[in-house]
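These notes are about the structure you will find just below.
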Amino acid sequence: MEISEKAPAKLNFSLDTPFRHLDGEPEWKMVMISIDLADYVHIKTRTDTNQITVRTDSGFLPCDHRNLAFQAAKKMQSLAQTHEGVDIYLDKKIPVAAGMGGGSSDAAAVLRGLNKLWALNFTLEQLAKIGLEIDSDVPFCIYSRPALVTGRGEIITPLKDLEHLNLVVAKPKDSVSTPTILKRIDYEHLTHQDVDGVAKAIMEDDYPQMIKKMGNTLEPLTSKYHPDILKIKQKMLSFGCDAAQMSGTGPTVFGICRNHSRAVRVTNSLRGFCREVYLVRPYSLKD
Ligand code: ATP
C-alpha cells in the first residue's frame with residue numbers, strides 16, 4: 001500500500017522564547033504559518049521486511065536514523081505493533097537547515113501517512129503528541145495551518161487562514177544549525193516580541209497591526225554570524241515589501257506584500273542578489 005503526503009514549509013510571522021526550561025529546552029511563543037513551498041513524501045508499506053528505508057533526491061541529507069522521517073516511521077511502526085516495513089522517498093523542495101522546518105514537516109507527513117496506511121485512527125492531537133518527541137516543530141506541522149504555538153511546541157491555537165498574502169522567501173547561501181543558535185541565546189538580553197498582538201491582528205483581519213507587530217527575537221543573534229540576513233531584509237523593504245524578517249533560527253528571510261504585482265517585482269529584483277528566491281502563498285492543509 002502506498003500514499004503521498006504534501007509536507008509544506010513553515011515561516012514564523014512572530015517568534016519569541018520567553019525562557020529556557022531546566023532541561024535546557026526553550027519555551028516557545030510563536031505565530032507560525034505554512035506555505036505552498038513543499039516537500040512530497042512518498043510512503044510505501046512492505047510485508048516482505050520490517051526494515052525502514054529512506055531515500056531522497058537531496059545530496060545533503062542523512063538517510064538513516066538521523067533523518068526525522070525515519071524517526072517518525074520508527075515510532076509509528078512500534079505503536080502499530082506491526083512487522084511491516086516502510087519505504088520512504090523524500091522529494092525535497094524545501095531548503096535544508098534554512099529555518100523553514102523541512103525535516104519536521106517530512107516527519108509530520110510520515111505520521112499522517114502511516115496513520116492512514118495502517119488504519120491506526122490516531123487523532124491529529126494524538127499525532128501531534130507523538131511528533132513532539134521528534135522535534136518541537138512537528139506538532140505544528142501535523143496541522144500545517146496558521147497557529148499560535150506555545151509551550152515546547154505542543155500547545156497549538158488555530159488562527160484564521162491568510163491565503164490572500166504574497167510572500168517573497170529568500171534563502172541566503174549559508175546554512176544555520178538550529179542547536180548552535182539555541183545554545184547561544186543569552187536570555188538576560190533578549191528583546192521580546194508581542195506575539196499575542198500578531199495573533200490578535202490575524203484574528204481581526206487587521207493587516208496594518210499584523211505588519212507593525214511582526215518580529216523575530218532571534219534575528220539579531222543569527223544575523224551577527226550571517227550578515228546577509230540583514231542585507232536581504234533591507235533589500236526586501238526597499239524594493240517595496242510591507243514587512244520583512246528572518247524565519248525560525250534562520251537564515252531564510254521573507255517579505256510580505258499585499259499587492260501581487262509588487263511581490264513579483266520584489267522577487268525579480270532580489271534574484272540579482274540571492275540565488276534561491278521563491279514567491280509563495282500561505283497554505284492550509286485541509287482535513
Ligand atoms: P527548524 O526551523 O525547525 O529548525 P530547519 O529548516 O532549520 O528547521 P531542517 O531543514 O528541518 O532545518 O533540517 C535541520 C537538520 O535536520 C539538518 O541538518 C538535517 O540534516 C536534519 N534532517 C533530518 N531529517 C531531515 C529531513 N527529512 N529533511 C531536512 N532535514 C533533515
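Both counts, for ligands and for their atoms, begin at 1 and track the order of listing.
For His83, the ring pair (Phe, Tyr, Trp, His ring centres under 6.0 Å) test picks out no residue, with sequence neighbours left out.
Applying the 4.0 Å criterion to heavy atoms of Asp106 picks out, from ligand 1, the atoms 26 (C), 27 (N), 28 (N). Less than 4.0 angstrom separates some heavy atom of Pro62 from each of these atoms of ligand 1: 20 (O). Of all atoms in ligand 1, listed by their number and element, those nearer than 4.0 Å to a heavy atom of Leu90 are 27 (N). With ligand atoms numbered from 1 in the order given, ligand 1 contributes 2 (O), 6 (O) to contacts under 4.0 Å with heavy atoms of Met100. Of all atoms in ligand 1, numbered sequentially from 1 with element shown, those under 4.0 Å from a heavy atom of Lys10 are 2 (O). Listed by number with element, the atoms of ligand 1 under 4.0 Å from a non-hydrogen atom of Thr178 are 4 (O), 7 (O). Each of the atoms 1 (P), 2 (O), 3 (O) of ligand 1 lies under 4.0 Å from some heavy atom of Asp137.
Just one of Asn12, Asn216, Thr178 meets the side chain to side chain donor-acceptor pair (under 3.5 Å) condition when paired with Thr249; it is Thr178.
Within the structure, ring pair (Phe, Tyr, Trp, His ring centres under 6.0 Å) contacts touching residues 246-276 (residues at least two apart or in different chains) are Phe13-Phe254.
Counting non-hydrogen atoms of other residues, nucleotides and ligands closer than 6.0 Å to NZ of Lys212 gives a total of 12 or fewer.
For atom 21 (C) of ligand 1, the protein comes within 4.0 Å by no heavy atom at all. Within a 4.0 Å radius of atom 16 (O) of ligand 1, the protein contributes no heavy atom.
Atom 26 (C) of ligand 1 has as its closest protein heavy atom Gly103 CA, 3.4 Å.
Looking at Leu68 against ligand 1, both its backbone and its side chain come within 4.0 Å, counting heavy atoms. The parts of Asn67 lying near ligand 1 are both backbone and side chain, judged by heavy-atom distances below 4.0 Å. Within the 4.0 Å heavy-atom criterion, the part of Lys92 lying near ligand 1 is the side chain and not the backbone. Here Leu61 has side-chain heavy atoms under 4.0 Å from ligand 1, and that is the only part of it that gets that close.
Of the options Cys141, Ser136, Gly101, Pro251, the smallest heavy-atom separation from atom 8 (O) of ligand 1 is shown by Gly101.
Using a 4.0 Å cutoff on heavy atoms, Gly248 does not count as a contact of ligand 1.
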Can Arg258 and Asp242 be said to form a salt bridge (Lys or Arg N to Asp or Glu O under 4.0 Å), step by step? CA-CA 8 Å; Arg258 200 143 56 160; Asp242 301 325; 5.5 Å; no

